[in-house]
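Here's the structure we're looking at; comments come further down.
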Amino acid sequence: MMQPGGPGMAPHIAQQYQQQQQQPYMMMPPQPQPQTQPPQMWAPNAQPPPQSAPPQQQPQPASADEVRTLWIGDLQYWMDENYLYQCFSHTGECGSVKVIRNKQTNQSEGYGFLEFTSRAGAERVLQTYNGTIMPNGGQNFRLNWATFSSGEKRHDDSPDYTIFVGDLAADVTDYHLTEVFRTRYNSVKGAKVVIDRTTGRTKGYGFVRFADESEQMRAMTEMQGVLCSTRPMRIGPASNKNLNTQSSKGLSL
DNA sequence: TATGAGCGT
């Protein structure tokens, strides 16, 4: 009984991206590091893709509740609309992309939105790309449904029991961390390696979420010092930021 | 190294 989806590495992207890098009009590769100095203009030689998007409107207003927008996070400062559009344009279903920027500094806030031509297309991208490596090779896509427009609630009606995992090696990814725990604990919901947005590199720690509190407790001791990639993990309690469903009464979505 | 997580015109 293997899970059907699997990691789904989406290899086309990296290949396509590398191919596009050969071409003269491609997007700019990441510049070294402007440090504190903000870039003068964002991709000065790049045309904003939404402008050239075909005015393909569906004449049916009835499906206004159809959610077609994804939220994308963990973006680095140089990842602009042009970059995102190239990541998803080959799906043929990416309508427009937008990176949210600080109004004063024009710096990317590290997240954006991807609007697709259909909800199915958006979901397909979410399933295929989420957690896979980004074309810059340094980090993973972090995708989610955009909120507020999300008619479907998170299939998450159970609380999370989270642990802190430190001393992670530099090559440990969300997926890797998840699998290390999932092989021993059935209730693992997922894991997240914290990324430093300025460098795009891991901060060396992360979090693992369990659905079962007893497994969380067991993992706190059993996984202490267990090797993950090349380093033994250091497990600790996680400060639960979200208090979940308990003690929340009368809160309506 | 150490406690994520960020939702717009």
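The model shown is predicted, which means the values in this text are computed figures rather than measured ones. Per chain, numbering begins at 1; letters A, B, ... match sequence-line order.
Residue ring and nucleobase are not stacked for Trp71(A) and dG6(B) under a centre distance beneath 5.5 angstrom and an angle between planes beneath 30°. Look at Phe207(A) and the base of dG4(B); the rings stack, centres closer than 5.5 Å and planes less than 30° apart.
Using a 4.0 Å heavy-atom distance criterion, Asp167(A) is classed as a base contact. Within the 4.0 angstrom heavy-atom criterion, no nucleotide atom of any strand lies near Arg197(A).
We find that CG of Leu75(A) is positioned 13 Å from P of dC7(B), with the value rounded to whole Å. Whole-Å rounding puts the Lys189(A) NZ to dA5(B) C1' distance at 15 Å. At whole-Å resolution of the value, CD in Glu109(A) and P in dA5(B) are 13 Å apart. With rounding to whole Å, Asn102(A) atom CG is found 11 Å from dT9(B) atom P. Protein atom CZ of Arg142(A) is 10 Å distant from nucleotide atom C1' of dG6(B), rounded to whole Å. If you take OH of Tyr205(A) and P of dT3(B), they are 5 Å apart, rounded to a whole angstrom. When the P atom of dG6(B) is taken as reference, atom OH of Tyr111(A) falls 11 Å away, rounded to whole Å. Nucleotide dA2(B) holds its C1' atom 14 Å from the CD1 atom of Ile195(A), rounded to whole Å.
Membership of an apolar cluster is not assigned to Ile195(A), as no side-chain contact below 4.5 Å to another ILVMFWY residue is traced.
Taking 4.0 Å as the cut-off between side-chain N and carboxylate O, Lys189(A) and Asp160(A) count as a salt-bridged pair. Arg101(A) and Glu109(A) are not joined by a salt bridge, as no carboxylate oxygen comes within less than 4.0 angstrom of a charged side-chain nitrogen.
Partners of Ala219(A) by side chain to side chain contact (heavy atoms under 4.5 Å, CB included), not counting sequence neighbours, listed by chain and number: Ile163(A), Phe181(A), Tyr185(A), Phe210(A), Met223(A).
The nucleotide whose nearest atom lies closest to any side-chain atom of Thr162(A) is, among dG4(B), dG8(B), dC7(B), dG4(B).
Position along DNA chain B of the nearest nucleotide to Gly204(A) versus Gly110(A) favours Gly204(A) as the more 5'-ward residue.
Between dT3(B) and Lys192(A), no contact under 4.0 Å exists linking OP1 or OP2 to a side-chain N or O.
Checked by atom type, the side-chain pair Ser214(A)/Asp212(A) shows a donor-acceptor distance below 3.5 Å.
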